[in-house]
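Down below is the structure, laid out as C-alpha cells.
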Amino acid sequence: MKTKHTIQSLREVIEEDRSKGFTIGFVPTMGALHEGHLELMRRAKRENDRLVVSVFVNPIQFNNKEDLEKYPRDLESDSEMLLSVGCDYLFAPSVAEMYPVPDQSSYDFGALGDVMEGAFRAGHFNGVAIVVRKLFEIVEPQKAYFGEKDFQQLAIIQQMTMMLKLPVDVVPCPIVREPDGLAMSSRNQRLTAEERALAPKIHQILQKAVLLKNVLSPQEMRKWTFEQLSAIASFKIDYVEIADDKMLQPVQHWNDSEGMVLFVALFLGKVRLIDNLRIF
Ligand code: PAF
C-alpha cells in the first residue's frame, strides 16, 4: 500500500494505473476505521482492480466544534486495517492540501437537504458535498462505496452526482452491526462503558417498531418509537422519522410499493448516534 499526502502524488500513481486499463474503486472515510468501513473496502476491492481509500477529517462538515476536536484520529492503526483489506492507495491529505483557499460552493438539495440531518445540522451536507466532489475529482473512480447507516448522506451524494453529472457509480452498502445490533460507527469509540451497554437498545427498539407495521399507522409507529426511546433516560432524541427512501420525505400512509425507512438520531451522553431500519 502506498500512502499519499498530496493530490499531485496520488494523481500520478492513479494515472499510471488508469493508463494500463485498471478500474478504480474508492472509499472515502474520516478514519477511525471499523468493520463497517472494511466491508465497503472488501467489496470495492472485489469489484475493481485498484482500491483507493481517503482518510480526511473534513472540518467543514462539522457544525459542532467539540465533535470536530474529539473526532477519533489514528492514522497508524487505520493504515494497518487498510493493509488487511488490500488497499492499494491511502490518501491522507492535510486541511491545507484540500482547502488551500476556502471552498465557497453552495448546493441546494431541495427537500432532501431540509429534513432530518439537514434540519438538525446546518451546513453539514454542503460540507459533505464539497469534500466528496473534490475527492471524486481527484481520484476519478469508476465506483465509490457508501454505507446506508448515513442513509441521507448517501441520498445527497447520489443527487449531487446526478446534478453535477459526475461519472461515478455511487454504490450503497448495507449497515454493518455489532453482534448486539449497534450500528458500527467511529463515534461508538467515544461511548463510556455504561453508554455502550445502552446503545444497542436503539436497534432493538427500531426492530420492534417495524414489526408493528400491520397494526400501527406511520404516525403511531413514530410516536411509539419516540416513547420507547424516551423511556431510556440517557437518550436525548433529536428526531424519530418515517420517510420514503428516495427524497426522504415524511410518510403519512403506508404504501408497500414505495420504500419506507424508520430513522432515528439521538445523543447518548456527548455522542450523537444515528440509525435506521427499512420498513418496506
Ligand atoms: O461518512 C463519512 O465518513 C464522511 O461524511 C465522508 C463521506 C467521508 C465525507 O467526509
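Positions are given from 1 along the sequence. Note that the structure is a prediction, hence the values are computed from the model and not measured.
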> Do the side chains of Glu35 and Arg42 get nearer than 4.5 Å, heavy atoms only?
Replying inline: yes
> Is Met30 close to Gln61 at the side-chain level, that is, under 4.5 Å between some pair of heavy atoms?
Replying inline: yes
>> Please determine whether residues Val139 and Met98 belong to a single hydrophobic cluster, defined as Ile, Leu, Val, Met, Phe, Trp and Tyr linked transitively by side-chain heavy-atom distances below 4.5 Å.
In response: yes
> More than 12 non-hydrogen atoms from neighbouring residues, nucleotides or ligands closer than 6.0 Å to CD on Glu137, yes or no?
Replying inline: yes
> Of the non-hydrogen atoms in Pro141 and Val168, which two are nearest, and what is the gap between them?
Replying inline: O-CG2, 3.8 Å
>> According to a hydrophobic-cluster definition based on side-chain heavy atoms being under 4.5 Å apart (Ile, Leu, Val, Met, Phe, Trp, Tyr only), do Val131 and Met160 belong together?
In response: yes
> Where do Asp256 and Lys213 land on the salt bridge (charged side-chain N to carboxylate O under 4.0 Å, His left out) test, with the steps shown first?
Replying inline: CA-CA 10 Å; Asp256 56 14; Lys213 67 184 170 202; over 6 Å; no
> Quick one: are Pro59 and Val95 in side-chain contact, heavy atoms under 4.5 Å?
Replying inline: yes
> Would Phe125 end up clustered with Met162 when hydrophobic side chains under 4.5 Å apart are linked, directly or stepwise?
Replying inline: no
> Given Ile156 and Leu112, is the side chain to side chain contact (heavy atoms under 4.5 Å, CB included) satisfied, shown in steps?
Replying inline: CA-CA 7 Å; Ile156 290 274; Leu112 176 60; 4.0 Å; yes
> Hey, does Leu90 have a side-chain heavy atom less than 4.5 Å from the side chain of Ser79?
Replying inline: yes
> For residues 236-268, which residue pairs qualify under ring-ring contact (aromatic ring centres under 6.0 Å, His included), counting only residues two or more places apart or in two chains?
Replying inline: Phe120-Tyr239, Phe151-Phe263, Trp254-Phe280
>> How long is the straight-line distance from NZ of Lys246 back to CD of Gln159, given to the nearest 0.5 Å?
In response: 13.0 Å
> Do Ile24 and Ile138 belong to the same hydrophobic cluster, where Ile, Leu, Val, Met, Phe, Trp and Tyr are linked whenever their side-chain heavy atoms lie under 4.5 Å apart, directly or via other members?
Replying inline: yes
>> Suppose we screen for side-chain hydrogen bond (donor to acceptor under 3.5 Å, both in side chains). Which residues come up paired with Asn48, at least two apart in sequence or across chains?
In response: Tyr145
> At their closest point, which heavy atom of Arg190 faces which heavy atom of Pro72, and how far apart are they?
Replying inline: CD-CD, 4.3 Å
> From Trp224 CH2 over to Phe226 CZ, what is the distance, rounded to the nearest 0.5 angstrom?
Replying inline: 14.0 Å
>> Side chains of Glu47 and Gln142: any donor to acceptor distance under 3.5 Å?
In response: no
> What distance separates Lys45 NZ from Leu51 CG, expressed to the nearest 0.5 Å?
Replying inline: 6.0 Å
>> Pair Lys201, Asp180 - check salt bridge (charged side-chain N to carboxylate O under 4.0 Å, His left out), show working.
In response: CA-CA 9 Å; Lys201 296 260 180 224; Asp180 61 13; over 6 Å; no
> If only atom types and distance count, is the side chain of His5 paired as donor or acceptor with the main-chain N or O of Pro93 below 3.5 Å?
Replying inline: no
>> As an exercise, state the distance from NE2 of His37 to OG of Ser186, rounded to the nearest 0.5 Å.
In response: 4.5 Å
>> Check this for me, if you would: do Asp67 and Arg187 make a salt bridge, where the nitrogen-to-carboxylate-oxygen distance has to be below 4.0 angstrom?
In response: yes
> Should Val240 and Val210 be regarded as members of a common hydrophobic cluster, given that ILVMFWY residues are connected when their side-chain heavy atoms come within less than 4.5 Å of each other, either directly or indirectly?
Replying inline: yes
>> Any non-hydrogen side-chain atom of Arg18 less than 4.5 Å from a side-chain atom of Glu140?
In response: yes
>> Test your reading of the model: is there a side-chain donor-acceptor pair from Gln152 to the backbone of Glu117, 3.5 Å cut-off?
In response: yes
> Under the 3.5 angstrom rule, does the side chain of Ser54 hit a backbone N or O of Phe91 as a donor-acceptor pair?
Replying inline: no
> Hey, are Arg11 and Glu15 close enough for a salt bridge, meaning a charged N less than 4.0 Å from a carboxylate O?
Replying inline: no
> What residue pairs, at least two apart or across chains, pass side-chain hydrogen bond (donor to acceptor under 3.5 Å, both in side chains) with a residue in residues 22-33?
Replying inline: Thr23-Asp49
> Closest heavy-atom contact between Ile242 and Pro218?
Replying inline: CD1-O, 3.3 Å
>> What I'd like to find out is whether the side chain of Asn58 reaches to under 4.5 Å of the side chain of Ile130, using heavy atoms alone.
In response: no
>> Side chains of Pro28 and Phe146, heavy atoms from C-beta outward: is any pair under 4.5 Å?
In response: yes
>> Restricting to non-hydrogen atoms, name the atom on Met221 and the atom on Ala209 that form the minimum distance, rounded to 0.1 Å.
In response: CE-O, 3.3 Å
> From Asn126 CG over to Ser106 OG, what is the distance, rounded to the nearest 0.5 angstrom?
Replying inline: 5.0 Å
> Can you tell me how far CG of Leu33 sits from CG of Leu40, rounded to the nearest 0.5 angstrom?
Replying inline: 10.0 Å
> What's the verdict on side chain to side chain contact (heavy atoms under 4.5 Å, CB included) for Ile157 and Val170, showing C-alpha distance, side-chain angles and the deciding distance?
Replying inline: CA-CA 8 Å; Ile157 291 167; Val170 173; 4.1 Å; yes
> Going through the distances and angles, do Lys4 and Glu97 end up as a salt bridge (charged side-chain N to carboxylate O under 4.0 Å, His left out)?
Replying inline: CA-CA 11 Å; Lys4 302 288 173 188; Glu97 180 70 9; over 6 Å; no
> Yes or no on salt bridge (charged side-chain N to carboxylate O under 4.0 Å, His left out) for Arg73 and Asp78, after CA distance, side-chain angles and deciding distance?
Replying inline: CA-CA 9 Å; Arg73 294 164 171 88; Asp78 287 345; over 6 Å; no
> Given Val57 and Leu68, is the side chain to side chain contact (heavy atoms under 4.5 Å, CB included) satisfied, shown in steps?
Replying inline: CA-CA 8 Å; Val57 181; Leu68 172 61; 3.9 Å; yes
> What pair of heavy atoms forms the shortest contact from Leu277 to Arg177, and how long is it?
Replying inline: CD1-NH2, 4.4 Å
> Does the Glu39 side chain pair with the main chain of Gly36, one donor and one acceptor, at a distance under 3.5 Å?
Replying inline: no
>> Less than 4.0 angstrom from a charged side-chain N to a carboxylate O is my criterion; do Asp238 and Arg272 meet it?
In response: yes
>> Between Arg278 and Asp245 (salt bridge meaning N to carboxylate O under 4.0 Å), is one present in this structure?
In response: yes
> Going by the angle between their ring planes, with limits at 30° and 60°, are Tyr71 and Phe62 parallel, tilted or perpendicular?
Replying inline: perpendicular
> Can you tell me if NZ on Lys20 sees more than 12 non-hydrogen neighbours from other groups inside 6.0 Å?
Replying inline: yes
> Does a sphere of radius 6.0 Å around NZ in Lys149 hold more than 12 heavy atoms from other residues, nucleotides or ligands, not counting ones at 6.0 Å or beyond?
Replying inline: yes
> Under 4.0 Å between a Lys/Arg side-chain N and an Asp/Glu carboxylate O for Glu220 and Lys223?
Replying inline: no
> Do the side chain of Asp244 and the main chain of Gln249 share a donor and acceptor less than 3.5 angstrom apart?
Replying inline: yes
>> Before you tell me yes or no, could you show the steps for Leu262 and Asn276 under side chain to side chain contact (heavy atoms under 4.5 Å, CB included), namely the whole-Å CA-CA distance, both residues' side-chain angles and the distance that decides it to 0.1 Å?
In response: CA-CA 5 Å; Leu262 174 57; Asn276 66 76; over 6 Å; no
>> Applying side chain to side chain donor-acceptor pair (under 3.5 Å) to Ser105 and Arg133, what does each step give before you reach the verdict?
In response: CA-CA 10 Å; Ser105 312; Arg133 189 209 70 224; 3.2 Å; yes
>> Could you tell me if the side chain of Leu182 sits less than 4.5 Å from the side chain of His203, heavy atoms only?
In response: no
